[in-house]
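Read the structure below first, then the notes.
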2 protein chains.
Amino acid sequence: MKLTSKGRYAVMALVDLAKFNNLNPVSLRDISIRQGISLDYLEQIFSKLRKKEIVQSVRGNQGGYVLNKKAKEIKLTNIFEAVDEKVKTLQCKKESKKGCNGKSTKCLTHNLWDELENHINDFFEKKSLEDLIKDNIERRL
Amino acid sequence: MKLTSKGRYAVMALVDLAKFNNLNPVSLRDISIRQGISLDYLEQIFSKLRKKEIVQSVRGNQGGYVLNKKAKEIKLTNIFEAVDEKVKTLQCKKESKKGCNGKSTKCLTHNLWDELENHINDFFEKKSLEDLIKDNIERRL
DNA sequence: ATAAACCTGACTAAAATAGTCAAGTATCTT
DNA sequence: AAGATACTTGACTATTTTAGTCAGGTTTAT
């Protein structure tokens with residue numbers, strides 16, 4: 001089980017953005033340089049974040065991106081959802097009515113994966129961008 | 001983020017094994033049929049489980065596999081470890097001394113992924129095979 | 001002997017990942 | 001109006017991982 005880099009980068013970029021999000025928009029170019037993420041890749045990621053209204057774009061010279069909500073209101077869940085990073089443990093969830101594997105019962109471990117998903121999503125649900133930024137400042141990375 | 005089928009199958013197979021683990025060894029063939037997992041694939045998985053001493057093999061005619069410990073003592077962590085299913089969220093962990101990305105500091109979200117890993121591992125650490133079997137019986141699938 | 005079942009290692013098709021590349025469009029500054 | 005900056009979009013691709021298959025064993029109960 002692993003997290004994809006799209007999810008990781010999205011969070012990194014947003015923390016960076018939030019830190020520098022004073023009055024002026026932050027350009028992807030700056031984030032790219034500071035975080036060592038390819039500009040083209042960042043563009044893909046921010047396109048998705050914008051569609052989910054997590055950030056707003058400011059076009060033109062001196063443009064960039066701005067948070068569209070307060071850092072407190074942006075949960076990790078929202079970010080991951082936006083970039084299609086999902087916690088998926090079950091193959092069997094598709095056939096909702098019946099069981100897994102095309103059988104009439106749930107597979108032996110169905111409930112386990114359900115629990116696990118909830119456990120992980122709880123974590124994401126509780127953490128906000130603000131939490132991450134505070135954590136950063138405190139530890140003075 | 002997703003769990004691979006190797007991990008899922010390992011757990012499914014072990015629950016099956018534990019349920020039928022009375023006096024006689026359980027053959028992979030039976031598990032294969034009951035759980036709908038390819039026999040060849042099961043052999044790969046059980047080879048790993050055997051090396052980690054989670055199961056014991058009984059060769060020859062009427063052979064099969066037996067649990068090597070009490071179901072209570074086999075935690076999900078052990079199973080996942082055995083089949084190389086790891087929770088890995090960080091790329092940055094490799095360069096231990098210095099920071100991530102080859103920089104001298106940790107990346108902005110380093111602590112986050114650390115916390116996440118711990119959160120998930122806690123879950124795996126607490127769940128034993130026995131828990132899963134009980135859960136199965138109670139809910140009568 | 002022979003059949004059942006474990007054992008091992010090499011191989012591979014398909015999917016996912018982690019990007020790159022190209023060709024725009026919008027808007028600010030001068 | 002021109003140019004620069006920066007967002008926007010979509011197609012493309014190399015690499016890696018996954019999820020197995022396949023072939024050819026070895027061991028042991030009957």
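Chain A is the first sequence line, chain B the second, and so forth, proteins listed ahead of strands; every chain is numbered from 1. Scope of the values below: all heavy atoms of this structure, side chains included, with no hydrogens, waters or symmetry mates.
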Starting at atom [atom1] of [X], determine the distance to atom [atom2] of [N], rounded to an integer number of angstrom.
| X | N | atom1 | atom2 | value |
| --- | --- | --- | --- | --- |
| A:I37 | C:dT20 | CD1 | C1' | 16 Å |
| A:K51 | D:dC7 | NZ | P | 15 Å |
| B:Q56 | C:dC6 | CD | P | 14 Å |
| B:L42 | C:dA5 | CG | P | 14 Å |
| B:L17 | C:dC6 | CG | P | 11 Å |
| B:I45 | C:dT8 | CD1 | P | 15 Å |
| B:L49 | C:dC7 | CG | C1' | 14 Å |
| A:L3 | D:dT17 | CG | C1' | 16 Å |

Inspect the contact between B:K127 and A:E115 and indicate whether a charged nitrogen and a carboxylate oxygen are less than 4.0 angstrom apart.
yes
Between B:D84 and B:K48, is there a salt bridge with N-O shorter than 4.0 Å?
yes
Short question: side chain of B:E85, backbone of B:G7 - any donor-acceptor pair under 3.5 Å?
yes
Does B:K75 offer a backbone N or O that forms a donor-acceptor pair with the side chain of B:S128 under 3.5 Å?
no
Taking any heavy-atom pair under 4.0 Å as a contact, classify B:F46: base, sugar-phosphate, or nothing.
nothing
ring-ring contact (aromatic ring centres under 6.0 Å, His included) pairs, two or more places apart, involving residues 47-70 of chain A
A:F46-A:Y65
Is [X] close enough to [N] that one of its side-chain N or O atoms is under 4.0 Å from OP1 or OP2 there?
| X | N | answer |
| --- | --- | --- |
| B:S5 | D:dA19 | yes |
| B:Y9 | D:dG20 | yes |
| A:S47 | D:dT9 | yes |

Contact residues, residues 24-32 of chain B to DNA chain D [heavy atom, < 4.0 Å]
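Listed by number, there are none.
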Can A:Q35 and A:D16 be counted as having a side-chain donor-acceptor contact under 3.5 angstrom?
yes
Indicate yes or no: at least one non-hydrogen side-chain atom of B:L108 is less than 4.5 angstrom from one of A:K19.
yes
Along nucleotides 21-30 of chain D, 5' to 3', which nucleotides get a B, which get an S, and which get a -, given that the test is a protein heavy-atom distance under 4.0 Å?
BB---BBBS-
Nearest-nucleotide 5' precedence on DNA chain C, A:K6 against B:S57:
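Its nearest nucleotide being more 5', the pick is B:S57.
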Indicate the ring-plane relationship of A:F80 and B:W113, choosing parallel, tilted or perpendicular according to the 30° and 60° boundaries.
tilted
Tell me whether the count of non-hydrogen atoms from other residues, nucleotides or ligands lying under 6.0 Å of CD in A:E73 goes above 12.
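Buried by this count: over 12 neighbours within 6.0 Å.
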